[in-house]
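Notes follow the structure.
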Amino acid sequence: MLPKISVTVFLLAVVGLAVAGNNQALNITFNGFRSANLSLDGIAEFTANGLLKLTNATRQEKGHAFYPNPIKFKYKSSSSDVSVYSFSTTFVFAIIPQYPTLSGHGIVFVLSPQRGLPGSLPSQWLGLFNNTSNGNSSNHVVGVELDTILSSEFADINDNHVGIDINGLHSAVSAPASYFVANSTDYRNLTLISGKPMQVWIEYDGNEKQMNVTLAPVDINKPKIPLLSLLIDLSPILKDTMYVGFSSSTGSVLTSHYVLGWSFAMNGSAQNLNISQLPTLPSTLTKKTPKFLIIGLPVIMVAIVSVIVSSLYYVVRRKRKFAEELEDWESEYGPHRFRYKDLHIATRGFTDEQLLGAGGFGRVYRGILPTSKIEIAVKRVSHESRQGMREFVAEIVSIGRLRHRNLVPLLGYCRRKGELLLVYDYMPNRSLDKFIYDEPKCTLSWSQRFQVIKGVASCLFYLHEEWEQIVVHRDIKASNVLLDAEFNGRLGDFGLARLYDHGTDPQTTHIVGTLGYLAPEHTRAGKATRSTDVFAFGAFLLEVVCGRRPVDLKAPTGRYDTGGYGVLPLDQGGANSSCGSEIGWEL
Ligand SMILES: *[C@@H]1O[C@H](CO)[C@@H](O)[C@H](O)[C@H]1NC(C)=O
Ligand SMILES: *[C@@H]1O[C@H](CO)[C@@H](O)[C@H](O)[C@H]1NC(C)=O
Ligand SMILES: *[C@@H]1O[C@H](CO)[C@@H](O)[C@H](O)[C@H]1NC(C)=O
Ligand SMILES: *[C@@H]1O[C@H](CO)[C@@H](O)[C@H](O)[C@H]1NC(C)=O
Ligand SMILES: *[C@@H]1O[C@H](CO)[C@@H](O)[C@H](O)[C@H]1NC(C)=O
Ligand SMILES: *[C@@H]1O[C@H](CO)[C@@H](O)[C@H](O)[C@H]1NC(C)=O
Ligand SMILES: *[C@@H]1O[C@H](CO)[C@@H](O)[C@H](O)[C@H]1NC(C)=O
Ligand SMILES: *[C@@H]1O[C@H](CO)[C@@H](O)[C@H](O)[C@H]1NC(C)=O
Ligand SMILES: *[C@@H]1O[C@H](CO)[C@@H](O)[C@H](O)[C@H]1NC(C)=O
Ligand SMILES: *[C@@H]1O[C@H](CO)[C@@H](O)[C@H](O)[C@H]1NC(C)=O
Ligand SMILES: *[C@@H]1O[C@H](CO)[C@@H](O)[C@H](O)[C@H]1NC(C)=O
C-alpha cells in the first residue's frame, strides 16, 4: 500500500514539475519556506522556523536561492514575433545588520539564465556579476536590487535605494527606498537596514512592456503609485527559459538578509502573501546577547517586576492599613494627635491579647507607645458622621488639658475612616463596677468605697467649678470610674463630655448617658448641666454603697421598684486585695 502511494505522489510531482516547467501557468506561493523546495547555494540556508536566510554571519560571501526549475518566459505572439509573458511577484524581506547604522550589501530579486549565477562575486557585486561580466549584454540577467551600500563605481544614488538592473549593477532606474502614502502623492522614506520586514511587488506588463517596482512596510497595503516604473522590452534580454530567485552578499560588515515569504505568477498577478502566516524574525537580542542574559534577563526582569509589584502592594497596603484622617484644622492639635501607626504598633496591631475590655461602646486595648514607652489604653469608638467632629475633637483636646488626681488623663486622639481612637493613661486596676458586681474574689471595703466616692466627688467639683470651663461629663457611673494602683477612683471616659463657658447656658443636645443615671429634668428638657451630672453622681454613690445597679433588669421582681439599695457588702471587707492584676477595663 505504502509504496503505491509514494509512487503515485512521485508521479504527480513529476507531472506537476513538468507542467510548471513547460507551461506558462506557473503560480507559486511560499508563506514561509518550511516546506519549500528551493535550490540554495553559497551561505544561504533555511532556518528552523521557515525563514530563507540568504546570508549568515560570514564576511565576503554570497548566497543564492532559486526556484529549482527553469521557467518559460517567452511565447510566440505571432508567426514572426516572440514575446515575454506578463509576470508578477511579491516578497517580504528584512535586513538585520550587526550594527544598526552599518550595513552589509543588499538583496536582489533576479531572473537569470543559470541557477546560482556561477562566477559571480560577493560584496558590491551582490552575487550577480564579476568585474568582467558586469554590464555585458550576454549576461541575460534582470534584477531588482535593494541596495544598502553606495557603490560609486555603479553610480549608486545613495546607500539605501531600490533599482532595476539590466545585465549589470549600473541600475537602469533607481530611487531612494520609500513608498507613496495611500490616496496622496506624499511619500515616506524607509530604511532598508532597519531590520523591519518590508514587502516588494514587481510587475511586468508584457503588452505595455513596462516594469513596476513597489515597496512598503509589511503592515501597509500595496501603494497605488509604484516606486519605480521602467518602460523596457525584456524580450531581447531574457532567454526563453529562466530561473527566478534571490541573490545576496556580505561584505566586511556582518549582515543577515532574510526572505520571509514569496509568491510568483506567470501571466497573472501573484497571489497575495498571508502576512500572519509568515515566520517571525529572530529577535535582535539573540544575535549578540550572551546566553546567560537570554535566560537570565527575563528571570531578572520578572524578579525586578515582582519585587516592584510586591513592594508597591506592600506600600499601598501599609498606607491603607495606617491611613488616618487629617484635616487642616487639626494641625493646631498636633501634640494631642496620635499617629495611627504608633497606636497600631503600641497595641501590637490591636490584637486580642491586648484587649482590656469590650462592649457596646467599642473596644479598649492596652499598649505601650513605641518611643516614650508610656503605658496607654486605647479606646476605639466608631464615628460615622463627620458632623460635629471638629467641635468634638476640640473638646477632646480641651479635656486633654484637664489635670486632676482623680481623673484618667486623656492623652490624645486619632481619627480614622469611620473610627475615633481615644488615648488614655493606662490604669493598672480594673474599673470599679468589676469590684462591685462581677463576683470578685475580693470586694472593696467600706473605707475603700468611701475613698473612691470622695475622689470622684472631688473630680466632679474640679470639672464643674475649678477648671477654666465647665465640663459636664454626662456619663458618670461605676463602669466609668477606674481604680489606680492605690485604689483611688479616677473618672474616665470623656467621650460624652461637654464643655461650657462659665456663666453660659448649656445648649439643648441629644440625650445621652446611661439609663438609671439620667436626671428627670435632663430627659425632659434635653439639657445636660452640672445638676444632671450631680444626679448621676448620686446614683453612682448609691451604686457603690449598695452594690446594686440603678436599673437591674435581671433583678428579682418586687425588689426592682423599691430600688433595693439596702444590701451592703460590709462583711466582705478584705481591705487591700490582689485583684489589681486582673484585666477588665472599661473607660
Ligand atoms: C526539489 O527540486 C529538485 C529539482 O527539481 C529535485 O531534484 C528534488 O528532488 C526536489 N526535492 C524535493 C524534496 O521535492
Ligand atoms: C555560514 O554558512 C556556511 C555555509 O553553510 C558555514 O560554513 C558557516 O560556518 C556559517 N557561518 C556562520 C557564522 O554560521
Ligand atoms: C565572471 O562571470 C562569468 C559568468 O558571468 C564567468 O564566466 C567568468 O569566469 C567570471 N570571471 C571571473 C574572473 O571570475
Ligand atoms: C575591473 O574592470 C575594470 C575594467 O573593466 C578595471 O579597470 C578594474 O581594475 C577591474 N577591477 C578589478 C578589481 O579587477
Ligand atoms: C561579454 O561577454 C562575452 C562572453 O562572456 C564576451 O565574449 C564579450 O567580449 C564580452 N563583452 C564585453 C564588452 O566585455
Ligand atoms: C483611499 O481611498 C479609498 C477610496 O477612494 C478609501 O476606501 C481608502 O480608505 C482610502 N485610504 C486611506 C488610507 O485614506
Ligand atoms: C527621503 O530621503 C531622500 C534621500 O535620502 C531625501 O532627499 C528626502 O528629503 C527624504 N524625504 C523625507 C520626507 O524624509
Ligand atoms: C505601472 O505603474 C503605472 C503607473 O505608474 C500603471 O499605469 C501601470 O499599469 C503599472 N503597470 C503594471 C504592470 O503594474
Ligand atoms: C494569459 O492568461 C490569460 C488569462 O488570464 C489568457 O487569456 C492568455 O491566453 C494567457 N496568455 C498566454 C500567452 O498564454
Ligand atoms: C494562483 O493560484 C491562486 C490559488 O492557488 C489563485 O487565486 C490565483 O488566481 C492564481 N494566479 C494565477 C496567475 O494563476
Ligand atoms: C491567513 O492565515 C490565517 C492563519 O493561517 C488564516 O486564518 C487566514 O484566513 C489567512 N488569510 C487569508 C487571506 O488567506
Side-chain angles (χ1 to χ4, degrees), residues 19-36 49-50 71-92 95 101 103 106 145-152 155-163 171 173-182 184-194 196-199 201 203-210 214-223 225-228 233-235 238 240-242 260-280:
V19 166
N22 304 316
N23 194 298
Q24 71 281 4
L26 178 75
N27 184 359
I28 51 169
T29 303
F30 302 104
N31 285 305
F33 297 89
R34 231 159 281 127
S35 54
N49 71 337
I71 299 165
K72 198 168 155 56
F73 268 81
K74 288 182 175 176
Y75 66 97
K76 229 177 158 64
S77 54
S78 70
S79 54
S80 58
D81 270 337
V82 172
S83 294
V84 172
Y85 286 117
S86 294
F87 63 85
S88 92
T89 188
T90 181
F91 61 92
V92 174
I95 300 174
T101 51
S103 53
E145 63 172 32
L146 305 159
D147 197 342
T148 55
I149 295 269
L150 195 162
S151 307
S152 47
D156 283 352
I157 52 165
N158 64 13
D159 60 356
N160 182 48
H161 63 273
V162 182
S171 301
V173 61
S174 65
S178 57
Y179 68 100
F180 286 91
V181 180
S184 82
T185 50
D186 290 348
Y187 68 96
R188 301 262 157 79
N189 282 341
L190 290 172
T191 303
L192 295 173
I193 59 164
S194 62
K196 293 183 181 123
M198 296 174 207
Q199 189 165 7
W201 294 265
E203 290 142 324
Y204 179 71
D205 186 330
N207 296 323
E208 301 293 325
K209 306 201 184 336
Q210 188 177 35
T214 314
L215 176 71
V218 76
D219 50 351
I220 301 277
N221 287 330
K222 185 188 168 195
I225 307 172
L227 178 61
L228 300 175
D233 182 4
L234 290 181
S235 55
L238 298 183
D240 189 44
T241 57
M242 302 283 287
L260 292 79
W262 176 36
S263 77
F264 182 93
M266 193 58 90
N267 190 27
S269 45
Q271 202 183 343
N272 287 334
L273 296 176
N274 189 334
I275 303 302
S276 66
Q277 281 182 356
L278 300 183
T280 52

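Order of appearance sets the numbers: ligands from 1, and atoms from 1 within every ligand.
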Does the protein put a heavy atom under 4.0 Å from atom 7 (O) of ligand 11?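 Given the 4.0 Å limit, the answer for atom 7 (O) of ligand 11 is no, no protein heavy atom qualifies.
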Please write down residue, atom name and distance for the protein heavy atom closest to [atom].
atom	result
atom 5 (O) of ligand 7	Asn158 ND2, 3.9 Å
atom 9 (O) of ligand 7	Tyr187 OH, 4.4 Å
atom 13 (C) of ligand 11	Asn274 ND2, 4.4 Å
atom 4 (C) of ligand 11	Gln277 NE2, 4.0 Å

Which pair of non-hydrogen atoms, one from [X] and one from [Y], has the smallest distance, and what is that distance?
X	Y	value
Val92	Leu273	CG2-CD1, 3.7 Å
Thr214	Pro223	CG2-CD, 3.6 Å
Ala216	Asn221	CB-O, 4.5 Å

Relative to the heavy atoms of Ser276, which atoms of ligand 11 are at a distance of less than 4.0 Å?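 What qualifies from ligand 11 is 1 (C), 2 (O), 3 (C).
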Do the side chains of Asp240 and Lys72 get close enough for a salt bridge, i.e. N-O under 4.0 angstrom?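 A salt bridge is present here (some side-chain N lies under 4.0 Å from a carboxylate O).
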Under 4.0 Å to a heavy atom of Tyr85 - the qualifying atoms of ligand 9, by number: 12 (C), 13 (C), 14 (O)
Looking only at side chains, do Ser263 and Thr29 share a donor and an acceptor under 3.5 Å apart?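 Not at all, the side chains of Ser263 and Thr29 share no donor-acceptor pair under 3.5 Å.
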Would you mind running through ligand 7 and noting each atom that sits below 4.0 Å from a heavy atom of Asn189?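 Ligand 7 atoms under the 4.0 Å threshold to Asn189: 1 (C), 2 (O), 3 (C), 8 (C), 10 (C), 11 (N), 12 (C), 14 (O).
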From the options Leu190, Asn160, Leu192, Ile157, select the one residue that forms a side-chain contact (heavy atoms from CB on, under 4.5 Å) with Pro176.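 The passing option is Ile157.
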